[in-house]
2 protein chains.
Amino acid sequence: MRKYETRIQKKNHSVILDAGLKIFSQFGFRGSTLDQIATESGLSKPNILYYFTSKEAIYEALLSQLLAHWLKPVHDINPNGDPIEEILGYAKHKMRMSRLYPRESRLYANEIIQGAPRIKNALTGELREVVSTLVKLMNKWSSAGLIRSVDAHHLIFSIWAMTQHYADFDVQVQAVLGEGDHFPDAERYFEDMLRRMLTV
Amino acid sequence: MRKYETRIQKKNHSVILDAGLKIFSQFGFRGSTLDQIATESGLSKPNILYYFTSKEAIYEALLSQLLAHWLKPVHDINPNGDPIEEILGYAKHKMRMSRLYPRESRLYANEIIQGAPRIKNALTGELREVVSTLVKLMNKWSSAGLIRSVDAHHLIFSIWAMTQHYADFDVQVQAVLGEGDHFPDAERYFEDMLRRMLTV
DNA sequence: GTCTATATCTGGATAGAC
DNA sequence: GTCTATCCAGATATAGAC
């Protein structure tokens, strides 16, 4: 009995988060309303506030998972693997995440564009730390002559920029190329580009 | 006398647009308020609505110039120039615009991420047209053996993605690299990347 | 042309019945 | 746990004095 209630709670909890993700990722925090989330989730507005204390609480719940989610692929990089293949694997992994989780990408983009008021600490903390480690690894590889010498920071930015572009600017991509799945071509171009950049 | 009034009008008109650009580019259309624009511009709220009929009118006035503004550098490309230098010149031009006009870039990003409700027609119309022309030119160049054969559409997307990244995700770039002007390094990296991609 | 005051509406959140 | 009704703050826009 207890268990059944908990199951419903978990269900509604995740239904609300899913609806919130859809709305917040499109309109940003201030541009989104509880009414929209209510309609999207099929629950009533007061019912939503039974599960979450406030609109802000829903948004923060979504944000809190986000950075870890985006950074996970970095940790799959094997410092002892083949450098070029490791970097390519990371880039492909990110590209696939943009295809699978475009709403998460847009939620993140919205937050950053608006000045990252709620995750600035995570950016100067965890993110900076992770990037720093990755840059050191790349520099080690290029010192060892395993990859070409490049500005590692901007290489990383270029990977982020290009992969996220296909999620965040999807409307524009579709407008230019027509409806359809353009990720395969994008991935091919991207892989070609990175190989050219990194091959000694 | 008439002229003087007109001068004040023009002044206030542009003051409002400038304030609107600052606010809208940060919070998006729905997330921005007339109060913010009033405070930013130093005018009162009713006074703003004396110059523009509505909040929406301010936003649309800003949007209407935007696409043309972003596409202008394309038209500086000389089909008879040196292909690699022309493409590099375009990329550098775009990078410089991201540095000079980060608010315009963010306004555009906000609009696109939110599904481009107000400029979708311009995307499938003018933008698509311009890209199509540029793609044909690049393909002609590669057929002639003047640049390497690449997917021209995705090359263009990569130029947009990378240049706009430094404007739209400025907060993140600053968090990772520290405060300062990172455009010179970004431009160097970018130029190196494009030369590698395009050199036969 | 610019202001104060205000009408009107929307949105977040709560009260209280069921 | 979920609903209807409602409170209250904030936001767009207008009225009307100066």
Side-chain angles (χ1 to χ4, degrees), chain A residues 1-64 107 110-111 114-115 117-118, chain B residues 1-63 107 110-111 114 117-118:
Chain A
M1 187 58 182
R2 186 86 174 73
K3 200 169 180 181
Y4 180 65
E5 280 172 37
T6 303
R7 205 172 287 165
I8 287 184
Q9 280 188 345
K10 285 197 173 173
K11 171 73 176 165
N12 281 343
H13 202 85
S14 81
V15 162
I16 292 167
L17 284 177
D18 194 63
L21 176 58
K22 175 164 181 181
I23 302 300
F24 283 132
S25 67
Q26 190 173 351
F27 302 108
F29 177 71
R30 294 193 44 181
S32 302
T33 71
L34 282 178
D35 267 316
Q36 291 174 292
I37 297 172
T39 302
E40 182 65 32
S41 66
L43 299 174
S44 70
K45 205 160 46 163
N47 203 7
I48 286 178
L49 292 169
Y50 169 78
Y51 287 98
F52 288 85
T53 57
S54 66
K55 171 184 168 183
E56 178 118 17
I58 305 173
Y59 187 73
E60 302 232 307
L62 288 167
L63 265 192
S64 69
L107 185 75
N110 259 313
E111 175 70 13
Q114 304 190 4
R118 289 171 178 84
Chain B
M1 187 56 180
R2 185 89 172 75
K3 201 169 182 180
Y4 180 65
E5 280 174 33
T6 302
R7 204 172 290 165
I8 287 187
Q9 281 188 343
K10 285 197 173 177
K11 170 74 177 164
N12 281 343
H13 202 85
S14 80
V15 161
I16 292 168
L17 284 177
D18 194 63
L21 176 58
K22 174 163 181 183
I23 302 300
F24 284 132
S25 67
Q26 190 173 352
F27 301 108
F29 177 71
R30 296 192 42 182
S32 301
T33 72
L34 283 177
D35 264 316
Q36 291 175 292
I37 297 172
T39 302
E40 182 65 31
S41 66
L43 299 173
S44 70
K45 208 159 40 164
N47 203 7
I48 286 178
L49 291 169
Y50 169 79
Y51 287 99
F52 288 86
T53 57
S54 65
K55 171 183 165 181
E56 179 118 17
I58 305 172
Y59 187 72
E60 302 231 309
L62 289 167
L63 266 192
L107 186 75
N110 258 314
E111 175 70 12
Q114 304 190 3
R118 291 173 177 83

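Since this is a predicted model, take the numbers as computed values, not measurements. Each chain gets a letter, A, B and so on, in the order its sequence line appears, and its residues count up from 1.
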Side chains of B:Leu17 and B:Phe52 in contact at under 4.5 Å (non-hydrogen atoms) = yes
Min side-chain heavy-atom separation B:Phe24-B:Glu111 under 4.5 Å = no
query = Out of A:Ile16, A:Val15, A:Asn12, which one pairs with A:Ile48 under the side chain to side chain contact (heavy atoms under 4.5 Å, CB included) rule?
reply = A:Ile16
ask   = Can you check the B:Arg7 CZ to C:dG1 P distance for me, whole Å?
value = 13 Å
message = Does A:Lys55 qualify as a cation-pi partner of A:Phe29, given the criterion of NZ or CZ under 6.0 Å from the six-membered ring centre and within 45 degrees of its axis?
response = yes
query = Does OP1 or OP2 of D:dC3 have a side-chain N or O of A:Ser44 closer than 4.0 Å?
reply = yes
ask   = Just how far, in rounded Å, is P of C:dG1 from NE2 of B:His13?
value = 13 Å
task = Ignoring backbone atoms, establish whether B:Asn47 has a side-chain N or O less than 4.0 Å from OP1 or OP2 of C:dC3.
result = yes
request  = Figure out the CG/C1' separation between B:Asn12 and C:dT2, and round it to whole Å.
outcome  = 10 Å
key: Separation of atom CD1 in B:Ile16 from atom C1' in C:dG1, rounded to whole Å   = 12 Å
ask   = What is the ring orientation for A:His13 with A:Tyr51, classed by angle as parallel under 30°, tilted 30 to 60°, or perpendicular over 60°?
value = perpendicular
task = Take nucleotides 11-18 of chain C nucleotide by nucleotide from the 5' end and write B, S or -, depending on whether a protein heavy atom sits under 4.0 Å from the base, only from the sugar-phosphate, or from neither.
result = SBBB----
note = Atom CD of A:Gln9 and atom C1' of D:dG1 are separated, to the nearest Å, by 9 Å
ask   = To the nearest 0.5 Å, what is the distance between CD1 (B:Ile23) and CD (B:Glu40)?
value = 5.0 Å
task = Remember a base hit wins even if backbone is also touched, and classify B:Phe52 as base, sugar-phosphate or nothing at under 4.0 Å, heavy atoms.
result = nothing
inquiry  = Without decimals, in angstroms, what is the distance between B:Tyr59 OH and D:dA11 P?
reply    = 18 Å
inquiry  = Under 4.0 Å from OP1 or OP2 of D:dT2: is there any side-chain N or O of A:Tyr51 that close?
reply    = yes
